[in-house]
Amino acid sequence: MSRGMLDFSPRGWGRVFLWTTLGTLLCVVVVVYVDSFNFPHMNEAQFTRAMLVDIFLPIGLAVPMLLFLTMKLRELAIAHHKLARYASIDALTGVLNRGAFTSLVEAYLARIETERLTGGGAMLLIDADNFKSINDQYGHDRGDEALQIIARSMRDTLRDTDLVGRIGGEEFAVFLPISGRDQAETAAERVRLAISDAAFSPDGERRPLSVSIGGAVFERRVPLIDVFRCADQQLYAAKRAGRNRISVADVVSSIGSVARVSHAA
């Protein structure tokens, strides 16, 4: 039996077969129980005939009815899942949209406080350098292609547990749970290099893509607005330093601190 057949989630076939089977057995049990009061007054032939009717009649009626109902419930669950996914995914790039990304990060920050999680986390803001020139020179279709390449490069580079979202036109955000400053800088540099190495040829010739990345690192529960503010400050620091760079700082010391800025190779 395939993996999908064993899926007992609301969208899986396992639940359809399980509830159809249990519902049918329940119908058989109820019919046999009700008819059992007549059993003492039956001879052997009547009893046999009654049992056959009590078993196969409910099966014949219940199976198609329950199968139909549970399949409809499965279809509704699938439709609900698709709607929820469409509501949380950016249609162009396939990463989380701003609302979904923010909600998931806020949920993680809340868990740090309520469950006393350790390890902190980091936020990266990633902005495509000189993106307007791509749209102006090659058109918005090629600009959309560049955004898709950037998003794909990030997803292929980061961990499965990291969150990737598009929070603006050409601006993305990455949340790295349980990550310190060194890990954040390493992840940011991997993303920068992956995007720089990505193949983008809007007119048949390779055009390099580059991004500037600002990072904010925290060790304990902090307001999300402070994390975004710190990351945004470091993003502008990277752009002021010449673009195609990363700049990472601690949230608690983001204002007035000296962040480490990594220059392009």
Side-chain angles (χ1 to χ4, degrees), residues 1-119 121 148 151-152 154-156 158-166 175-178 221:
M1 189 173 289
S2 66
R3 183 179 178 181
M5 298 287 281
L6 296 176
D7 182 6
F8 288 94
S9 71
R11 305 189 308 275
W13 282 105
R15 182 170 294 199
V16 172
F17 296 136
L18 175 64
W19 287 117
T20 300
T21 301
L22 292 179
T24 302
L25 288 175
L26 178 62
C27 291
V28 171
V29 169
V30 170
V31 172
V32 171
Y33 173 76
V34 172
D35 202 21
S36 66
F37 295 100
N38 298 319
F39 292 165
H41 310 293
M42 297 180 182
N43 57 38
E44 185 175 349
Q46 291 173 330
F47 175 77
T48 301
R49 184 167 58 253
M51 286 299 297
L52 291 174
V53 172
D54 292 347
I55 292 174
F56 289 104
L57 182 61
I59 291 176
L61 295 176
V63 168
M65 182 180 65
L66 291 173
L67 191 60
F68 174 79
L69 291 175
T70 52
M71 286 179 63
K72 288 300 180 183
L73 290 174
R74 175 178 176 269
E75 291 174 2
L76 287 174
I78 292 174
H80 177 76
H81 176 74
K82 288 181 177 179
L83 287 174
R85 178 175 174 81
Y86 292 149
S88 63
I89 297 297
D90 177 64
L92 176 64
T93 60
V95 300
L96 296 170
N97 60 31
R98 185 185 183 105
F101 178 85
T102 302
S103 296
L104 290 173
V105 175
E106 286 180 332
Y108 179 85
L109 294 176
R111 285 184 60 204
I112 291 179
E113 184 173 22
T114 58
E115 300 180 18
R116 301 185 183 278
L117 299 179
T118 59
Q148 291 170 341
R152 184 167 59 250
M154 287 191 292
R155 290 198 307 267
D156 292 344
L158 297 166
R159 304 170 299 183
D160 292 339
T161 54
D162 299 331
L163 301 177
V164 181
R166 184 184 179 196
F175 184 71
L176 310 167
I178 316 179
R221 172 75 160 100

When rounded to the nearest 0.5 angstrom, what distance separates [atom1] in [X] from [atom2] in [Y]?
X	Y	atom1	atom2	value
Cys27	Leu66	SG	CG	6.0 Å
Asn38	Phe47	CG	CZ	11.5 Å
Ile59	Asp54	CD1	CG	11.0 Å
Thr24	Ile55	OG1	CD1	13.0 Å

Within a strict 4.5 Å, meaning less than it, do heavy atoms of the [X] and [Y] side chains meet?
X	Y	answer
Met154	Thr93	no
Val16	Leu67	yes
Arg166	Leu92	yes
Arg159	Leu176	yes

(Q) Is the ring pair Trp13/Phe17 parallel, tilted or perpendicular, if the boundaries are 30 and 60 degrees? (A) parallel
Q: Start with the C-alpha gap between Phe175 and Thr102, add the side-chain angles, then the distance that decides, and say whether side chain to side chain contact (heavy atoms under 4.5 Å, CB included) holds.
A: CA-CA 10 Å; Phe175 184 71; Thr102 302; over 6 Å; no
Work out which heavy atom in [X] is nearest to a heavy atom in [Y]; give both atom names and the distance.
X	Y	value
Pro58	Val31	CG-CG2, 3.7 Å
Thr20	Thr70	OG1-OG1, 3.4 Å
Phe101	Gly165	CD1-N, 3.7 Å
Val95	Ala151	CG1-CB, 4.0 Å
Asp162	Pro177	OD1-CD, 3.5 Å

Q | Exceeds 12 heavy-atom contacts within 6.0 angstrom, atom CZ of Phe39 | A | yes
Q. More than 12 non-hydrogen atoms from neighbouring residues, nucleotides or ligands closer than 6.0 Å to CE on Met71, yes or no?
A. no
**Q.** Donor-acceptor under 3.5 Å (Arg74 side chain, Arg11 main chain)
**A.**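 Yes; at least one donor-acceptor contact below 3.5 Å.
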Q. For Asn43, does its backbone N or O pair with a side-chain atom of Gln46 as donor and acceptor, under 3.5 Å?
A.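 Pair found, side chain donor or acceptor close to backbone of Asn43.
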Q.
If the test is side chain to side chain contact (heavy atoms under 4.5 Å, CB included), which one of Leu158, Leu96, Asp90 qualifies with Val164?
A.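 Testing Val164 for a side chain to side chain contact (heavy atoms under 4.5 Å, CB included) against Leu158, Leu96, Asp90 leaves exactly one candidate, Leu158.
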